[in-house]
Amino acid sequence: ITPHVIPTFHTFLLPFFTVLKDIFEKENDFLIIDVSGEVTDIALVKNKSIKESISFPLGRNFLLRRYAEILKKPIEEIRSLLILFSEGKLNSAVREQTNKVFLPVRKEWLKMFHESIDEIARDFLPSTVFLVADRDVTGWFMESIALEEYSQYTLSAGKFKVIPIETPLLYKYITFSGTIERDQFMALEAIYVMKHFS
């Protein structure tokens with residue numbers, strides 16, 4: 001007989017925050033940004049506690065779809081372009097051209113990002129940002145958040161220091177076996193589960 005199990009649901013921000021708090025023990029105040037398929041989630045952490053959180057409906061898929069429309073290319077090609085961009089593997093001419101294409105989409109995402117920060121920050125905005133996103137878009141979001149126009153935001157203590165949470169950072173806490181995909185979202189969930197339910 002299968003035991004009766006009552007499932008519980010939570011956003012990814014909870015395990016992400018809990019694992020970050022353990023890994024970066026000296027950080028008291030920071031922003032958490034989780035970019036998923038359709039949504040960007042933001043949490044404001046002060047004195048090691050989540051004070052506010054907010055979501056807006058522009059995530060990774062928004063980025064891929066919008067560039068596919070603009071460049072009239074399949075999404076797989078857009079993913080490859082974004083990976084090359086993130087890894088700094090585009091020559092300067094192509095990168096400059098790519099940045100021009102990125103600009104209107106970046107402004108669209110940043111507008112909602114600014115509005116969300118307005119909503120939760122009020123009189124306090126930390127300068128450290130922890131970001132989790134898929135590999136193909138991590139560089140794009142890092143660069144967007146660290147843009148000069150946003151890093152000088154009136155509530156900010158200075159330029160944002162954006163720290164991407166990628167799987168190599170987690171190797172100290174989790175082991176991947178065989179050919180299993182090194183996915184940072186699953187790794188963070190696994191660390192959270194091992195710590196709190198084992």
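None of these values were measured; they are calculated from a predicted model.
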Steps toward side-chain contact (heavy atoms from CB on, under 4.5 Å) verdict (Lys51, Ser49): CA-CA 6 Å; Lys51 297 301 180 186; Ser49 296; 4.1 Å; yes
pair Ser127-Lys161: side-chain heavy atoms closer than 4.5 Å: no
More than 12 heavy atoms from other groups under 6.0 Å of CD on Glu108: yes
Nearest-0.5 Å distance, CG of residue Asp118 to CG of residue Leu125: 10.0 Å
More than 12 heavy atoms from other groups under 6.0 Å of CZ on Arg135: no
Heavy-atom donor-acceptor pair, Arg95 side chain to Phe85 backbone, under 3.5 Å: yes
Mutual orientation of the aromatic rings belonging to Phe56 and Phe113 [parallel < 30°, tilted 30-60°, perpendicular > 60°]: tilted
Salt bridge (charged side-chain N to carboxylate O under 4.0 Å, His left out) evaluation trace for Asp29 with Lys46: CA-CA 4 Å; Asp29 308 322; Lys46 185 175 183 180; over 6 Å; no
Gap separating the CD atom of Glu115 from the CD atom of Glu119, nearest 0.5 angstrom: 9.5 Å
Any donor-acceptor N/O pair, Ser53 side chain to Ala43 backbone, under 3.5 Å: no
Aromatic plane relationship, Phe130 with Phe24 - under 30° parallel, 30 to 60° tilted, over 60° perpendicular: tilted
Candidate pair Val162 and Thr128, rule side-chain contact (heavy atoms from CB on, under 4.5 Å), full reasoning: CA-CA 6 Å; Val162 184; Thr128 300; over 6 Å; no
Interatomic distance, Thr18 atom OG1 to Ile50 atom CD1 [nearest 0.5 angstrom]: 7.0 Å
From CD1 (Ile42) to CG (Leu131), nearest 0.5 Å: 10.5 Å
Heavy-atom side-chain contact between Val101 and Leu103 under 4.5 Å: no
Main-chain N/O of Leu58 paired with Thr40 side-chain donor or acceptor, under 3.5 Å: yes
Joint hydrophobic cluster, Val39 plus Leu44, side-chain heavy atoms closer than 4.5 Å: no
Donor-acceptor under 3.5 Å (Asp134 side chain, Val137 main chain): no
Test log, rule side-chain contact (heavy atoms from CB on, under 4.5 Å), inputs Phe17 and Phe30: CA-CA 10 Å; Phe17 163 68; Phe30 48 90; 4.3 Å; yes
Side chain proximity check, Lys111 to Lys107, heavy atoms < 4.5 angstrom: no
Side chain to side chain, Val45 and Leu31, heavy atoms closer than 4.5 Å: no
Side-chain donor-acceptor contacts of residues 69-79 below 3.5 Å, not counting sequence neighbours, with atom names and distances?
from  : atom 1 : to     : atom 2 : distance (Å)
Glu76 : OE1    : Arg79  : NH1    : 3.3
Arg79 : NE     : Asp136 : OD2    : 2.7

Glu25 backbone acceptor or donor facing Lys48 side chain under 3.5 Å: yes
Euclidean distance, Leu82 CG relative to Leu63 CG, rounded to 0.5 Å: 5.5 Å
Worked verdict on Val105 versus Phe62 for side-chain contact (heavy atoms from CB on, under 4.5 Å): CA-CA 9 Å; Val105 181; Phe62 151 78; 3.8 Å; yes
Euclidean distance, Asn99 CG relative to Ser92 OG, rounded to 0.5 Å: 11.5 Å
Glu143/Arg106 under salt bridge (charged side-chain N to carboxylate O under 4.0 Å, His left out): CA gap, chis, key distance, verdict: CA-CA 10 Å; Glu143 190 167 293; Arg106 182 168 271 154; 3.5 Å; yes
Joint hydrophobic cluster, Val19 plus Ile163, side-chain heavy atoms closer than 4.5 Å: yes
